[in-house]
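Below: the structure, in structure tokens.
Small disclaimer: the values here were computed from a predicted structure and weren't measured.
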Amino acid sequence: EREALEQWTAIASDTQAFKGVYEHAIESSNPTEARNIRNMLAWFETFDTMEWDRARSYMRADYIQHAAVIQTGRDELIDLLECCWPPGSGNTGSPAVMNMTHGTYRIIADGDYVAAQRVRMMGPPGQERPTMGLDIIRFDDRGQSAEHWDLFTPGIFETASGRQVYDDAAEFSEPQLTNDATESFNKSLVYDFLNTAFGKKEYRRAAVEYLGDAYYQHNPNVPDGADAFVDFFESGALSIVYDVHLMLAQNDMVAVYATQWHKPADADDWALMAALDLFRVRNSKIVEHWDFIGPVTPPENFVHINGDF
């Protein structure tokens with residue numbers, strides 16, 4: 001575990017490691033999407049530099065927050081950040097209440113929305129632990145952050161496939177540029193896959209029609225391959241029902257933000273979950289999958305009225 005923690009820390013700390021991902025996303029975006037990506041990255045940068053007035057410049061005053069424990073509003077978020085990371089804190093200044101390093105691994109821009117797959121090391125000084133997941137930001141017509149959703153789960157050190165939860169299968173490490181028509185098709189294909197598999201429970205048909213010959217998994221529990229997908233869900237190990245709230249697509253990637261109802265084989269009741277799935281589509285087939293899943297926050301635990309979705 002120590003070696004894994006060191007690896008997570010290195011990834012979260014290396015802000016330049018995935019610069020090519022940013023440049024590729026910007027290159028393949030329309031001007032509005034490119035501006036939104038740049039503003040998102042600049043906004044994230046202010047968390048490292050602790051330039052809170054600069055952070056404000058990238059946000060609407062009426063910024064809407066969906067994270068359960070953070071008050072909605074621009075000033076409310078900045079006040080919290082200033083409390084946890086006071087100016088001058090860090091390696092050479094006064095001690096911070098919380099430490100956070102973060103790396104953005106993947107970006108999907110679609111219209112007013114930008115989704116960023118991220119790795120974070122976060123916690124009180126000396127007690128930092130890895131988390132992984134996505135931030136989703138909706139931008140207004142001036143390029144300011146208007147609304148924010150996120151879902152982060154504890155870092156996973158091992159998966160059934162043996163690969164990391166954040167990386168790319170080597171076969172698909174080179175990015176692929178597409179166009180709006182292909183991105184729209186990819187969203188429809190992913191939606192049809194989810195409906196066939198988890199709406200109609202036709203797992204084998206879903207695998208045959210929508211999954212590629214090579215299907216790479218980053219889920220902790222499901223191995224690689226279409227057959228492994230079918231075997232896992234046909235076994236009844238876990239039943240899932242989807243309710244999709246948001247789908248974003250850029251190039252060969254599709255992001256899905258959804259409510260899921262989960263019922264493991266040994267459970268009596270269904271559990272309500274929030275889920276962010278990422279799918280890679282190549283040649284009209286789904287070839288790679290990542291997911292980040294956590295319980296839906298009960299209404300009484302929110303400090304605002306916006307909810308998870």
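With Thr72 contributing its side chain and Tyr63 its backbone, the two residues share a donor-acceptor pair below 3.5 Å. At least one donor-acceptor pair under 3.5 Å links the side chain of Gln144 to the backbone N or O of Ser57. Of the possible polar contacts, none joining the Asp135 side chain to the Ala116 backbone as a donor-acceptor pair under 3.5 Å is found. Although no hydrogens or angles enter the test, the distance criterion places a donor-acceptor pair under 3.5 Å between the side chain of Gln250 and the main chain of Ala109. A donor-acceptor pair under 3.5 Å is absent between the side-chain atoms of Asp224 and the main chain of Ser161, judged by distance alone. Remark: the backbone N or O of His262 is not paired with any side-chain donor or acceptor of Gln260 at under 3.5 angstrom. Distance alone, capped at 3.5 Å, places no donor-acceptor pair between the Asn195 side chain and the Gly199 backbone. A side-chain donor-acceptor contact under 3.5 Å links Glu183 to the backbone of Asn251.
With respect to the salt-bridge test (charged N to carboxylate O, under 4.0 angstrom), the residues Arg54 and Glu45 qualify.
Side-chain contact between Leu276 and Ile136 is present, with at least one heavy-atom pair separated by less than 4.5 Å. Side-chain contact between Arg118 and Asp150: absent, with no pair of heavy atoms (C-beta onward) separated by less than 4.5 Å. Using a 4.5 Å cut-off on side-chain heavy atoms (C-beta onward), His66 and Asp308 make no contact. Looking at Val256 and Tyr191, their side chains never come closer than 4.5 Å, going by heavy atoms from C-beta outward. Residues Leu272 and Thr259 meet the side-chain proximity criterion, which asks for heavy atoms closer than 4.5 Å. Side-chain contact between His289 and Phe229 is absent, with no heavy-atom pair separated by less than 4.5 Å. For the pair Lys201/Phe233, no side-chain contact is recorded, criterion being any heavy-atom separation below 4.5 Å from C-beta on.
Aromatic ring centres of Tyr203 and Phe232 lie farther apart than the 6.0 Å criterion allows. The aromatic ring centres of Tyr257 and Tyr113 sit 6.0 Å or more apart.
How far CE of Met253 is from OG1 of Thr178: 11.5 Å, rounded to the nearest 0.5 Å. Taking CG of Asn186 as the reference point, atom OG of Ser284 lies at 7.5 Å (rounded to 0.5 Å). The NE2 atom of His304 sits 7.5 Å away from atom CD of Gln71, with the distance rounded to the nearest 0.5 Å. Going from atom CZ of Phe185 over to atom CG of Asn179 covers 12.0 Å, rounded to the nearest 0.5 Å. Atom CD of Glu147 and atom CD of Gln65 lie 9.5 Å apart (nearest 0.5 Å). Expressed to the nearest 0.5 Å, how far CD1 of Ile293 lies from CG of Asn219 amounts to 6.5 Å.
With hydrophobic clusters built from ILVMFWY side chains whose heavy atoms lie under 4.5 angstrom apart, Tyr210 does not share a cluster with Val287. By the criterion of side-chain heavy atoms lying less than 4.5 angstrom apart, applied directly or through intervening Ile, Leu, Val, Met, Phe, Trp or Tyr residues, Leu238 is grouped together with Phe193 in one hydrophobic cluster. Under a hydrophobic clustering in which Ile, Leu, Val, Met, Phe, Trp and Tyr are joined whenever their side-chain heavy atoms come within less than 4.5 Å, directly or via other members, Met273 and Phe279 fall into different clusters. A single hydrophobic cluster is not seen to contain both Phe309 and Ile240; linkage of ILVMFWY side chains at heavy-atom distances under 4.5 Å, directly or through other members, places them apart. At a threshold of 4.5 Å between side-chain heavy atoms, the hydrophobic network of Ile, Leu, Val, Met, Phe, Trp and Tyr places Leu189 and Trp290 in two separate groups.
Closest approach of Tyr242 to Ala258, counting heavy atoms only: CD2-CB, 3.8 Å. Scanning all heavy atoms of the two residues, the minimum distance from Glu33 to Gly111 falls at OE2-N, 2.8 Å. In terms of heavy atoms, Pro220 sits closest to Asp291 at CD-OD1, 4.5 Å. Nearest approach of Asp269 to Lys263, heavy atoms of both residues: O-CG, 3.9 Å. Residue Ala226 comes nearest to Tyr215 through the heavy atom pair N-CB, 4.0 Å, listed as atom of the first residue, atom of the second, then distance. Of all heavy-atom pairs spanning Arg74 and Arg56, the tightest one is CD-O, 3.6 Å.
Atom CG of Asp213 has 12 or fewer neighbouring heavy atoms from other residues, nucleotides or ligands inside a 6.0 Å radius. Atom CG of Asn301 has more than 12 neighbouring heavy atoms from other residues, nucleotides or ligands inside a 6.0 Å radius. Shown here is Asp180, whose CG atom has no more than 12 heavy atoms of other residues, nucleotides or ligands within 6.0 Å.
No side-chain donor-acceptor contact under 3.5 Å links Thr159 and His218.
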Before giving the answer on side chain to side chain contact (heavy atoms under 4.5 Å, CB included), spell out for Ile107 and Leu41 the whole-Å C-alpha distance, their side-chain angles and the decisive distance to 0.1 Å. CA-CA 10 Å; Ile107 293 172; Leu41 293 172; 4.0 Å; yes
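Across Arg280, Lys285, Arg106, Lys187, a single residue satisfies salt bridge (Lys or Arg N to Asp or Glu O under 4.0 Å) together with Asp252, and that is Arg280. Put simply, the residue from Leu134, Val254, Leu248 that forms a side-chain contact (heavy atoms from CB on, under 4.5 Å) with Leu278 is Leu134.
For the pair Arg35 and Phe139, the cation-pi test (distance below 6.0 Å, angle within 45°) is failed.
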